[in-house]
Amino acid sequence: MNQLPADFDAAVWKLLKKIPEGKVTTYKQLAIALGKPNAFRAVGNACNRNPDAPFVPCHRVVKSTGELGGYAKGLKKKIALLKREGVKIKNNKVLNFMERLFEFR
DNA sequence: AGTAAGGCGGGCA
DNA sequence: GTGCCCGCCTTAC
């Protein structure tokens, strides 16, 4: 059975909430976790439609290349939050990205 | 390095 | 109700 579109967003937020503090994930990884390895864009959309930043740690989600990507509330804010959690950011990129990368499994 | 094309979901005309 | 474009992307050329 197909879940309702709204459920898709909720599913993304749910996964985001699973991300431990000080760690980051990628949109691709989220898409795969949702069962759609090519839905990375839809996942990004869900994050963008996210109710509010602190409720859903969409700021812990970055691009597959390690770039921060974007942020609805402001990329600068995203960087600040990540750095605050222990994730060092440099020139819009996550330091030790691979080590900070959290996989849902 | 930059550019172009791609597949997923939502919103608007 | 249908169609088109866009978006916090990814990958390949």
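Within every chain, numbering begins at 1; the chains are lettered A, B, ... in the order of the sequence lines, protein sequences first and strands thereafter.
- Side chains of A:L82 and A:R60 form a contact here, defined as non-hydrogen atoms less than 4.5 Å apart.
- Minimum atom distance to the side chain of A:K36 is reached by B:dC8, of the listed B:dC8, B:dG10, B:dG6.
- Nucleic acid contact class of A:A42 (heavy atoms, under 4.0 Å, all strands): base.
- Atom CZ of A:F8 is separated from atom P of B:dG10 by 7 Å (rounded to the nearest Å).
- Nucleotide C:dC9 holds its P atom 9 Å from the CG atom of A:N48, rounded to whole Å.
- What you find for A:A31 and A:F40 is that their closest heavy atoms are CB-N, 3.5 Å.
- B:dG9 atom P lies 11 Å from atom CG of A:D9, rounded to whole Å.
- If you measure from atom NZ of A:K93 to atom P of C:dC9, you get 17 Å, rounded to the nearest angstrom.
- The 5' end of DNA chain B is approached more closely, in terms of each residue's nearest nucleotide, by A:N38 than by the other of A:N38 and A:R49.
- Nearer the 5' end of DNA chain C, as judged by each residue's closest nucleotide, is the contact made by A:N45, out of A:N45 and A:K63.
- For the pair A:N91 CG and B:dA1 P, the interatomic distance rounds to 12 Å; values are reported in whole Å.
- For DNA chain C, if you chain together Watson-Crick or G-U pairs that step i with j, i+1 with j-1 and so on, the runs of at least three with distances under 3.5 Å are B:2-6 with C:9-13, B:8-13 with C:2-7.
- For the pair A:E85 and A:H59, the tightest heavy-atom approach, listed with the atom from each and the gap, is OE2-NE2, 3.4 Å.
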